[in-house]
Structures are given as structure tokens and as C-alpha cells.
Amino acid sequence: MAREPEIAAGGDRGPAPTALNQARLQLLVPTLVVAGSLMAIVSSLGAPLIPTLSRADHVSLSTGEWLLTITLLIGALVTPVMGRLADGPRQRDVMLFALSAVVLGCVLAAVSDGFVVLIIGRALQGVGLGILPVGMTIARRHLTPDRARRTIATLSVTTAIGVGLGYPVTGLIAQVWDFRAAYWFGAITVGAVLVLAAFVLPPRSDVVTRRFDTVGAGILSLVVIGVSVVLSEGGGWGWTSLRSLGIGVGILVLLAIWIPYELTYTDPLVDLRQVRNRSVLTADVAGFLISVAMYLLLPILVVFVQLPVADGGFGASIFVAGLVLLPLSLCSFAASRFLVMYERRFGARSMIPLGSLVFAATATFFALDHSALWEAFVTAGMAGLGIGFTTGAMPGFIIRAVARSETGSATGFYQVVRSIGLTVGSALSAAVLMAHTRPGQTLPGVDGFRVTLLIAAGFCLVTAIVSFVLPGAMPVRQAPNARQREDLEAVMEEEAELAGAGLVLFETQSPTTSSEDPP
């Protein structure tokens with residue numbers, strides 16, 4: 001089986017590393033994790049500021065929502081493209097380009113004198129959401145197996161970590177200074193990471209340059225735009241309006257063109273044949289469902305604690321509401337560190353179901369009992385454990401099942417599926433709250449929040465069932481002899497331990513497995 005060249009970090013290939021290379025290697029993991037977390041923080045800079053910015057720029061609240069929507073939309077558009085480019089030799093260039101775009105976007109938002117310029121800045125910030133598959137590809141290609149699996153597990157939960165940190169940071173900066181200071185904060189911090197990444201990231205890799213699927217990327221971009229627009233505006237237009245139905249039909253037509261094209265194209269943007277592999281399918285389906293549940297819980301939690309006491313909330317400030325999500329970050333990170341130990345003790349198959357059940361119990365708990373503010377903090381912490389177990393495990397299913405040269409493409413598509421799930425969750429929560437808002441009032445009743453949380457719990461239960469059933473049964477294998485055991489250990493050291501968080505102990509080969517696929 002052909003192997004791609006490894007740098008000396010692998011410990012057994014290449015010349016002895018210099019002191020400079022050793023320093024870069026030591027900084028590689030922190031650089032990737034900090035970059036991923038900062039992208040989540042920057043993407044969340046719009047959400048708490050929507051009411052303030054809408055008033056400042058004299059636009060409606062629904063129009064102001066595009067400050068968050070445009071970032072998620074651009075992120076969904078660029079993620080599969082950046083993932084495919086990362087499978088080539090220029091992972092470093094892709095990462096530096098994305099960080100540069102985010103710095104420019106933060107500066108534009110900070111100096112903006114109108115809503116249009118602000119939207120352009122927020123759009124450029126969305127480019128940063130595509131760095132996760134790039135970071136995972138870099139980790140898999142340039143780190144030793146043990147460090148690679150831990151790094152990928154941490155990268156997979158940086159979204160939750162960043163959101164948990166971004167809300168309180170944004171609230172504090174906006175409360176002490178103004179919204180422009182929040183974007184200057186983003187420009188300075190991401191700029192620092194850009195300089196660090198330029199020094200740390202490995203140079204161009206010795207892999208074959210691949211032809212880029214421009215047609216596939218264009219069609220998929222139109223599909224993602226259509227889905228995002230319908231989910232964002234469908235409630236205002238009416239889900240059965242001509243505009244909503246027309247865009248929906250257009251999406252189906254484009255998918256009917258895109259899917260056969262990707263299946264027959266020699267070097268597709270997204271190799272859809274990978275979805276035949278149960279491991280990949282498990283991660284994609286579970287990632288979509290748990291993302292819907294995330295946006296049915298987390299924003300609801302932040303909004304609920306800010307409700308006036310007379311309306312059933314706690315009357316918390318923006319800063320306190322942001323602090324509620326701090327336990328989310330801490331517990332998500334802790335869970336990602338605990339994954340490998342859990343897998344070795346209890347096996348892989350229960351990881352995503354367990355995290356989903358914890359998330360479901362958390363949402364149900366706060367839906368039924370929300371009499372004190374401390375319960376919101378506990379809810380966020382428990383949700384972090386659930387998110388850490390689920391999102392930390394999912395990339396492992398994908399990476400174990402696909403060839404190393406397909407890492408960026410496969411994880412990029414997974415991130416797009418998750419982004420669409422977040423958008424679906426946001427639209428669904430808005431629809432439920434609107435249905436529980438009485439005519440003439442601006443705030444929904446407590447029942448609206450309760451129903452939304454119970455729906456989130458339902459999605460988590462479905463995720464638990466799907467993620468347990470889809471992978472299939474673990475195959476029964478005969479014990480290898482001594483010679484076979486040595487060969488297996490050599491293979492496992494290079495491939496099996498690179499399974500994200502090391503989560504897939506069973507093996508489900510795709511019917512279209514190539515010579516580069518893991519054994």
C-alpha cells in the first residue's frame with residue numbers, strides 16, 4: 001500500500017529534526033487548536049450584538065439576523081472547497097489565506113460606517129469556519145499517531161469551546177466599550193495567530209496536486225445558499241409561499257444534477273461513494289442531528305436567562321448570559337480529553353449514543369426545572385459533556401474509514417452537514433418561539449422555551465439510536481498468530497490510531513475501497 005511521505009515528527013522517517021523544526025512541532029498543536037477556537041469566537045461575535053447593531057444601523061431585527069446568517073453561510077460555502085484543497089500539497093497556504101481573510105473581515109467590521117460594509121466584514125469572517133478540516137488534515141499528515149488523534153478530537157469540539165468563550169467575551173467588551181471594540185479584539189487576536197501560523201505550519205507537502213472540481217463546487221455552493229436562505233427567511237416569507245417553494249424546487253433540481261455528477265467525476269469535490277461506508281454515514285447523520293439539537297438548546301439558554309423576572313426568566317445582563325456558556329467550553333474540552341481513556345475501557349460504539357443521551361437529559365432537565373440561575377450553568381456544563389463526547393467522536397469515524405488523501409474532503413463535507421444542521425436548529429427554534437408568542441407581545445411565553453428544549457431532547461434521542469444502529473455489528477475475528485500480530489501492530493500504529501479520537505474499533509469497508517484506504 002502506497003504511503004505518503006511523513007516529516008520527521010513521525011519518529012522513524014526522514015533526517016533528524018533540527019532545533020527549529022522541533023520548536024515548530026511543539027507549537028503546531030496549540031496553533032491549530034487556538035486557531036480553531038478563535039474562529040468559533042469570531043463567528044459568535046455577531047450573535048450577542050445583533051440588537052445593538054440593528055439599532056445603530058437603523059435596520060430591523062430580522063435584517064440584523066444576517067450578521068450571524070452570512071457568517072454561517074460563507075462558512076458552509078468555503079468549507080468543502082478548503083477541505084478539498086487541504087488534501088493537496090498546500091495546506092499551509094489554505095490556512096494562511098483563511099486567517100488573513102478573517103483579519104480583514106474584523107477590521108472592516110470595526111471601521112464600518114454602514115450595515116453593508118459590516119455585512120461584508122462578517123462574510124469575510126465566515127471564511128475562517130473552513131479551517132477545521134484543514135487543521136485535521138495537517139494533524140493527520142504531520143503528527144505522530146497518538147498526538148494526531150488527540151489533536152483531531154480537540155479540534156472537533158473547538159466550535160463549542162469557542163462559542164462558550166465568545167459569548168462572555170463579546171458581552172464584556174460590548175458592555176465596557178462598544179461593538180467596534182469586539183471586532184478589533186478579533187482582528188488583533190487572529191492577526192497574532194496568523195503570524196504564529198506562518199512560522200509554525202509545515203511547508204508544502206510532497207503529495208500530488210489534484211485537479212479541482214470547479215463544477216461540483218459551484219453547484220454545491222448554490223445548494224448551500226438556497227438551503228440557508230430558505231431556512232433563514234422562510235418563516236417571514238411563509239413556508240408555503242411561492243418564493244420558499246420555488247427555491248426548494250431549485251435545490252432539488254440542483255441536487256439531482258450534483259449527485260450523479262460527483263459519483264461519475266474522476267476527482268470529485270466530495271466523494272459521495274464514501275457515504276456507503278457505515279462509519280462515514282454514521283458521522284454525517286449524527287453530526288446533522290446533534291447540530292440541530294445544539295441550536296435548539298444553546299441560544300435558547302442564553303436568551304432565557306435574559307428574560308425579565310416577570311416573564312419567567314432571571315433578568316440577567318448580556319455579560320452574565322454569556323458566562324452561562326463558559327461551563328460549556330470547559331466541559332467540552334474535558335470530555336474530548338477523556339475520550340481515548342473511555343474508548344480503551346468501554347469500546348467505541350457507545351461514545352456517540354452516550355453523549356447524545358447526556359445531552360437529551362440535560363435539555364429535559366432545564367425544560368422541566370428552571371427555578372434558579374445556577375441551573376442554567378449546570379445545564380451548560382452537562383451539555384458540554386454531551387457535545388464533547390458526540391462531536392469529539394464523529395471525525396474519528398470518518399478518518400478511520402477514508403484514505404489519508406481524502407481526509408480534508410470527507411471532513412469538509414461533514415462540517416457542511418453540521419452547518420446546515422445548525423441553521424435548521426436556528427430556524428426551528430425561531431418558529432417554535434414565534435408560535436408561542438401572543439399577538440401584540442415581543443417575547444414568547446415560557447412554554448415556548450420548554451417546547452423547544454423538549455424538541456432538542458427528542459433530536460438527541462434519535463441521534464443516540466441512529467449512531468448505535470448505523471455502524472453495524474463488530475466483526476468477529478480470529479486471533480492472529482505472532483507474525484500476523486506484528487504486521488497488524490505496524491498497520492495499527494500508522495492508521496487505526498489516527499481515527500480522530502481513536503473511536504472506531506470495528507471496521508466497515510466501503511465497496512469502493514481503493515488501494516490507499518486504511519486496512
Side-chain angles (χ1 to χ4, degrees), residues 69-70 72-85 87 126 129-130 133 210-292 394 398 401-402 406 408-428 431 459 462 466 470 510-514:
T69 302
I70 191 65
L72 295 175
L73 173 59
I74 296 300
L77 290 176
V78 302
T79 296
V81 174
M82 291 174 61
R84 170 51 75 194
L85 292 175
D87 287 330
L129 295 179
R210 305 170 66 177
R211 184 171 54 180
F212 185 73
D213 180 11
T214 305
V215 175
I219 298 175
L220 181 60
S221 297
L222 292 176
V223 171
V224 172
I225 291 173
V227 171
S228 300
V229 169
V230 167
L231 292 175
S232 300
E233 302 294 335
W237 295 342
W239 297 108
T240 58
S241 66
L242 288 179
R243 273 190 289 188
S244 297
L245 293 177
I247 295 177
V249 171
I251 292 171
L252 294 177
V253 172
L254 288 172
L255 285 175
I257 298 172
W258 182 72
I259 292 174
Y261 179 83
E262 293 295 286
L263 289 174
T264 56
Y265 191 69
T266 305
D267 204 7
L269 178 74
V270 178
D271 188 354
L272 294 177
R273 289 168 297 208
Q274 296 169 351
V275 180
R276 299 175 187 173
N277 189 299
R278 285 188 165 192
S279 293
V280 177
L281 184 61
T282 297
D284 289 339
V285 174
F288 173 80
L289 292 173
I290 207 68
S291 296
V292 175
M394 291 170 190
I398 296 174
V402 303
E406 296 293 328
S409 174
T411 55
F413 184 69
Y414 160 76
Q415 293 296 336
V416 171
V417 170
R418 286 198 61 199
S419 296
I420 294 176
L422 294 175
T423 308
V424 171
S426 178
L428 182 56
F459 270 96
V462 174
V466 168
L470 268 184
S510 168
T512 57
T513 299
S514 70

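Residue indices begin at 1 and follow the sequence shown. Source: prediction; values computed, not measured. These values consider heavy atoms only, across backbone and side chains, with no hydrogens, waters or symmetry-generated copies.
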Keeping to residues at least two apart or across chains, list the ring-ring contact (aromatic ring centres under 6.0 Å, His included) pairs with something in residues 217-251. none
Taking every heavy atom of Ala217 against every heavy atom of Val81, the minimum-distance pair comes out as CB-CG2, 4.2 Å
Ring pair (Phe, Tyr, Trp, His ring centres under 6.0 Å) against Tyr261, all qualifying residues, sequence neighbours excluded: Tyr265
Evaluate the side-chain proximity of Ile219 to Glu262: yes if any heavy-atom separation is below 4.5 Å, no if none is. no
Nearest non-hydrogen partners of Leu255 and Pro260, listed with the distance: O-CD, 4.1 Å
What pairs with Leu428 under side-chain contact (heavy atoms from CB on, under 4.5 Å), at least two apart in sequence or on another chain? Leu296, Val432, Ile455, Phe459
Are side-chain heavy atoms of Ile251 and Val227 found at a separation under 4.5 Å? yes
Minimal heavy-atom distance between Arg278 and Leu470, with the atoms involved, is CD-O, 2.9 Å
Enumerate the residue pairs fulfilling side chain to side chain donor-acceptor pair (under 3.5 Å) with a member in residues 244-259, sequence neighbours excluded, ordered by first and then second residue. Ser241-Ser244
Looking at Pro133 and Thr79, what are the two nearest heavy atoms and their distance? CG-CG2, 4.0 Å
Side chain to side chain donor-acceptor pair (under 3.5 Å) filter on Ser291, not counting sequence neighbours, yields Arg418
Tell me, please, which residues at least two apart from Leu245 pass side-chain contact (heavy atoms from CB on, under 4.5 Å). none
Which of these, Asp284, Asn277, Leu281, sits in a side-chain contact (heavy atoms from CB on, under 4.5 Å) with Ile398? Asp284
